Structures are given as C-alpha cells and as structure tokens.
Amino acid sequence: MGLVSDGLDRAVHKAFTRPIPKSAGAQMRYLVRQLKGTRQVAALLDVSQRTVERYVKDQIRRPRPDLAQRLADAVRARWQPRVREQARRQAATSTGLMIDTRARFGFTAAAGSTDDARIRHLTLALPPAFAARLFDAQQAGASEQQLRAITAEGLGEAYFRDGGRRAHGLEVEFTDVEQLDFDL
C-alpha cells in the first residue's frame with residue numbers, strides 16, 4: 001500500500017477492543033469461519049487447501065515468515081468490522097483525525113522568503129470533513145497520490161490557512177514525507 005493508506009489503517013486498528021488471535025491455528029480458524037471454507041482461505045493466502053486444514057487442526061503450528069505476514073494481514077483486514085466502521089464514522093462526523101507528520105511543506109512564494117519549502121514537523125487535528133473524504137477515497141480504492149492530495153488539502157486548510165482565516169490563494173505541497181501517523 002502506501003504511507004497515507006497504511007496510516008489510516010493503523011489509526012483504525014487502534015480502535016480495536018480485542019487483539020487479533022495470536023496463534024496461526026486460531027488465525028486460520030477465524031479466516032475459515034469468515035470466508036466459509038478452507039478452499040477460499042487457501043486461495044486468499046496462496047497455499048494448498050490441505051495446508052489450511054493442517055493449520056486448522058493444529059498439525060502445523062509455525063508458518064513461514066511470509067505466510068505468517070499474509071495470514072496476520074488477512075485476519076487484521078477482517079477483524080472487528082463493526083468497531084472499525086464505528087471508528088471511521090466517528091472520525092468522519094465529529095472528532096476528525098490527528099495527524100503527526102514530518103514532511104517537506106511549501107507553497108508558491110517569492111524566492112528566499114520564509115515560505116520556501118522546508119521540512120516541518122506538524123501535529124494537528126484534521127477536520128471531520130477531510131477525515132470523511134480520506135476514508136471514502138480509501139474505500140473507493142483511491143491511489144496513494146490521491147490520498148496524499150486530500151491530506152495536503154486538509155493540512156493546508158487546518159494549518160497554513162488556519163481554517164480559512166489566512167490567504168486563500170495558497171497552494172500547499174506535501175512532498176518528501178518522512179513520517180505520517182494518524183490517530184482517531
């Protein structure tokens with residue numbers, strides 16, 4: 001995925017009330033229940049159906065590292081869907097998102113002015129309208145570039161334009177992102 005999409009997923013995962021199952025067998029059993037069969041899980045994880053059955057029966061306990069990662073990611077993607085949706089809805093309607101980023105920000109300005117692009121560390125609240133746009137775009141399958149554009153627009157509105165009280169002709173660039181964390 002990308003930096004913005006992964007950050008949104010991490011923020012939503014913080015809202016989980018229970019951790020995902022720890023053992024490979026428990027994770028496999030969860031996926032079999034969710035997908036209603038071992039054949040679907042085998043296709044999802046790119047392993048044989050017999051391998052899935054052996055994990056379900058705890059005949060295999062330790063998956064290869066690449067399979068362990070795919071398994072955990074598949075479980076995490078389906079874990080507590082109602083809690084995930086509730087967290088997204090709350091961020092999109094009332095609380096917004098907290099963004100902690102370290103990136104190069106700049107906008108069109110006279111050469112040598114203090115507005116030249118430079119690395120800045122920002123921690124600020126993104127308004128609910130932008131949180132809603134980000135989650136909607138993510139669910140619609142938007143590219144990383146599109147998610148970055150929405151994030152840049154939200155940061156521009158919240159920080160550089162101070163909620164509309166500063167210059168309106170400002171174009172904010174959001175490049176060279178070193179760190180990006182979201183929090184609900």
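These numbers were taken from a predicted model, which means no experiment stands behind them. We use all heavy atoms of the structure for the numbers below, so side chains are in, but hydrogens, waters and symmetry mates are not.
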Side chain to side chain donor-acceptor pair (under 3.5 Å) between S5 and Q138: does it pass, once the steps are laid out? CA-CA 7 Å; S5 186; Q138 183 187 29; 3.2 Å; yes
I'd like to know whether D73 forms a salt bridge (charged side-chain N to carboxylate O under 4.0 Å, His left out) with R70, so could you lay out the CA-CA distance, the side-chain angles of the two residues, the decisive distance to 0.1 Å, and finally the verdict. CA-CA 5 Å; D73 290 345; R70 288 194 317 259; over 6 Å; no
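The side-chain contact (heavy atoms from CB on, under 4.5 Å) check on Q40 picks up L35, with sequence neighbours excluded. In this view, D46 satisfies the salt bridge (charged side-chain N to carboxylate O under 4.0 Å, His left out) rule with no residue, not counting sequence neighbours. Residues that satisfy the side-chain contact (heavy atoms from CB on, under 4.5 Å) test with R18, not counting sequence neighbours, are W79, Q80.
Taking a cutoff of 4.0 Å between a charged side-chain nitrogen and a carboxylate oxygen, K57 and E53 do not qualify as a salt bridge. Ion pair D58/R29 flagged as a salt bridge, since at least one NZ, NE, NH1 or NH2 atom sits closer than 4.0 Å to an Asp/Glu carboxylate oxygen.
Note that the CG atom of L134 and the OG1 atom of T151 stand 4.5 Å from one another [nearest 0.5 Å]. Rounded to the nearest 0.5 Å, atoms CG (L147) and CZ (R133) are 11.0 Å apart.
Looking at T38 and Q49, their side chains do bring a donor and an acceptor atom within 3.5 Å of each other.
Remark: side-chain polar atoms of T93 are paired, donor with acceptor, to backbone N or O of R89 under 3.5 angstrom. No donor-acceptor distance shorter than 3.5 angstrom exists from the side chain of Y55 to the backbone of A26, with no hydrogens or angles considered.
Looking only at side-chain heavy atoms (C-beta outward), I20 and Q27 come within less than 4.5 Å of each other.
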